[in-house]
Amino acid sequence: MRTMGLNLRQLKIDPDAFAKEYVAPVHRMGRITVGLHLVAMFIPPVALYLIYGLVPPWDGFIKGMLAAVAFAGPFFIIEPIAYYPVLGISGTYMSFTAGNISNLRLPCALVAQSALGVEEGSKQGELVATIAVAASIWLSITAVFIGAVAGGFLIERAPPWLIDAFRRFLLPAVFGAVFGQFALRGIAFAPFPLILSYFAIQARQPVWVVISLSVFGTIIVGRIIYKSFMTRKEAPQS
Amino acid sequence: MDWRQIANAPWIWLCGLILVAVALYQCTYFALRAIRLLKASGVPDDAVKKIIRASVITGFGPVMALIFVMFALVAAISPGFAWLREGAAVGAVTTELIQATNAAAGVGQTFGTPGFNEIGFAAVVWVTNIVCIGWLIAALFSRHLQPLREKIGGGDARWLAVITICATLGAFGYWTTTHLLRRGPFAVSVIVAMGLSAGLYSAADYFKRPGLKEWALGLALFGGMIAGKLYAG
């Protein structure tokens, strides 16, 4: 294992100092900043109304929210629980504020912990994960800003056929790509959401009903398959 | 007013800046606390710099892959909206696209078609910004995550992984099925993207090139999109 000449595994961190000078202020500032972030999420919808008078019809908004919550709901609970051992306390606050957790924050924390020879869940691992995730946030925000500006510049100058490709076929490709990625990790479960969705769509159910059926139906089927057929050795890794 | 002009107006960029400011203050505060404790525990300055450097180098590849996929959000909505939602607003690009689709469906519109208008965009702004509050509320319960992990997972990390996989398959399965049922170039886009994604991930494992996984999603996404366009003519 590469440790870059550092032996942080042997580093002794005073438990009192860790609790008083790190854990307590992290929880305090975490709650304050997450609270501010939560309030700030309402600024774009309110601004849209104040500047343009635009607001979606109430029933349409509710239907959209139901579909959105049906998709995201399981992740509200599962992701913090699943990622917490690697991210630690501050890594969790930061990751759920800045987003892009599984594709960016988590890998950064894991690789930094591995490179420095510390274990996830340890005090050393917590501190290393904090620095790794913070560095990734500075990096990603800078890159996203440059990417958004450059992307806008490039899209304006793109040929019409490419713009048409983006507008008409981007979404089907996104869904297919992500589905393919996760189907590989759980091939036994993959046919069921397609089957459940097909019959629910044929039955002309509202979007939020079909998504709920697809998500929770697949989880139930997954539980049955996992308990019935999968040993610890065969089960997929997160 | 065309919704695309609204989607890239200065106020959208300012909203993104507000979210970014909160996230940067938070991560800087936490990092300084961690660095201070490491130094107090005897870690020298140059070692701390090595940790920071290692973290930046590690993040470079995933960030480049993120930008590549983010162009999809830039093209689908606007650069300003991509900045708002990807700067520091909880969601990943694919999550934002699916939530935008769900939001538009709620008001009876199809995101990405000529029929999508300013009302659909308003629904997208409201839904994408408000639904992600669920993750922020979950973060507020960070103190209770360890006992909750024991209760829900029963200490079985693999079962937690199965839930994540099934939930993702379930959510993306619905929209995958919807586009497959449209047939023609839409089905081609889905199938090609699915095949490329699975193929590239498999290749990354087979050839022991884990870095390929960072780019697999973006390459599959663009491959599927181009395939659909070529089929449509």
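Computed from a prediction, not measured in an experiment: that's the story for all the values here. Numbers restart at 1 for each chain; the letters A, B, ... are given by sequence-line order, proteins then strands.
Using modelled atom types and a 3.5 Å distance limit, the side chains of Y52(A) and W3(B) yield no donor-acceptor pair. Side-chain atoms of T130(A) and Y22(A) include a donor-acceptor pair closer than 3.5 Å. Between the side chains of T97(A) and Q26(B), at least one donor N or O sits under 3.5 Å from an acceptor N or O.
Chosen from C166(B), G42(B), G173(B), the residue pairing most often with chain A at heavy-atom distances under 4.5 Å is C166(B). Between chain A and the options S41(B), G224(B), A21(B), the largest number of non-hydrogen pairs under 4.5 Å is found for S41(B). Chosen from I220(A), V128(A), T33(A), D14(A), the residue pairing most often with chain B at heavy-atom distances under 4.5 Å is T33(A). Contact count versus chain B (heavy atoms, under 4.5 Å) is highest, among F145(A), F153(A), F192(A), for F145(A). Per-residue counts of heavy-atom pairs under 4.5 Å with chain A were compared for L38(B), L196(B), V93(B), L180(B); the largest is that of L38(B). The residue among I163(A), L127(A), I195(A) with the most heavy atom pairs within less than 4.5 Å of chain B is L127(A). Comparing I225(A), L36(A), L171(A) by how many heavy-atom pairs each has under 4.5 Å with chain B, the most go to L171(A). Looking only at heavy-atom pairs under 4.5 Å with chain B, the residue among K227(A), M29(A), E21(A) that has the most is M29(A). Among I137(B), I133(B), L84(B), V74(B), the residue with the largest count of heavy-atom pairs under 4.5 Å with chain A is I133(B). Here T177(B) is the residue among T177(B), T178(B), I12(B), T28(B) with the most heavy-atom pairs under 4.5 Å with chain A. Contacts with chain A were tallied for V22(B), L136(B), V125(B), V107(B); L136(B) has the most, counting heavy-atom pairs under 4.5 Å. Chain B forms more heavy-atom pairs under 4.5 Å with one residue of D59(A), V55(A), I43(A) than with any other, namely V55(A).
If you measure heavy-atom distances from F182(A) to chain B, the contacts under 4.5 Å come from both the backbone and the side chain. Heavy atoms closer than 4.5 Å to chain A are found nowhere in F81(B), neither backbone nor side chain. In this structure, chain A has a heavy atom under 4.5 Å from the side chain of I226(B), while its backbone stays farther away. Heavy atoms of R105(A) lying under 4.5 Å from chain B are absent altogether. Contact of L184(A) with chain B is made through the side chain alone, with heavy-atom distances under 4.5 Å. For chain A, the nearby part of T101(B) is the side chain; its heavy atoms alone come within less than 4.5 Å. Using a 4.5 Å cut-off between heavy atoms, I155(A) contacts chain B through its side chain alone, with no backbone atom that close. For a residue to count as touching a neighbouring chain, one of its non-hydrogen atoms must lie under 4.5 Å from one of that chain's; by this rule F222(B) touches chain A with the side chain only. Heavy-atom distances place the side chain of W11(B), and not its backbone, under 4.5 Å from chain A. Contact of A105(B) with chain A is made through the side chain alone, with heavy-atom distances under 4.5 Å. Residue Q202(A) touches chain B through its side chain alone, counting heavy-atom pairs closer than 4.5 Å. With a 4.5 angstrom heavy-atom cutoff, I13(A) touches chain B via backbone and side-chain atoms both. There is no contact between E126(A) and chain B, counting heavy-atom distances below 4.5 Å. Contact of P74(A) with chain B is made through the side chain alone, with heavy-atom distances under 4.5 Å. Of the atoms belonging to S78(B), not a single heavy atom falls under 4.5 Å from chain A. Using a 4.5 Å cut-off between heavy atoms, L169(B) contacts chain A through both its backbone and its side chain. Both the backbone and the side chain of Y201(B) come within contact range of chain A, each with at least one heavy atom under 4.5 Å from a heavy atom of that chain. When heavy atoms are compared at a cutoff of 4.5 Å, I62(A) does not approach chain B at all. Heavy-atom distances place no part of R36(B) under 4.5 Å from chain A, backbone and side chain included. For I52(B), the parts sitting under 4.5 Å from any heavy atom of chain A are the backbone and the side chain alike.
A donor-acceptor pair under 3.5 Å is absent between the side-chain atoms of S197(A) and the main chain of L194(A), judged by distance alone. R185(A) places no side-chain N or O within donor-acceptor distance of the main-chain N or O of I165(B), the cut-off being under 3.5 Å. Checked by atom type and distance alone, the side chain of S214(A) never pairs as donor or acceptor with a backbone atom of A171(B) at under 3.5 Å. The backbone N or O of F42(A) sits nowhere less than 3.5 Å from a side-chain atom of N129(B) that would complete a donor-acceptor pair. Under the 3.5 Å distance criterion, the side-chain polar atoms of W83(B) are left unmatched by any main-chain donor or acceptor of A148(A).
Cation-pi geometry between R182(B) and F186(B) is met: under 6.0 angstrom from the ring centre, within 45 degrees of the axis. Geometrically, K229(B) does not engage F169(A) in a cation-pi contact defined by less than 6.0 Å to the ring centre and at most 45° from the axis.
With sequence neighbours excluded, the residues forming a salt bridge (charged side-chain N to carboxylate O under 4.0 Å, His left out) with R168(A) are D164(A), listed by chain and number.
Distance check, rounded to the nearest 0.5 Å: CG of L38(A) to CZ of R31(A) gives 14.5 Å. Once rounded to the nearest 0.5 Å, the distance linking CZ of F71(B) with CG of L170(A) reads 13.0 Å.
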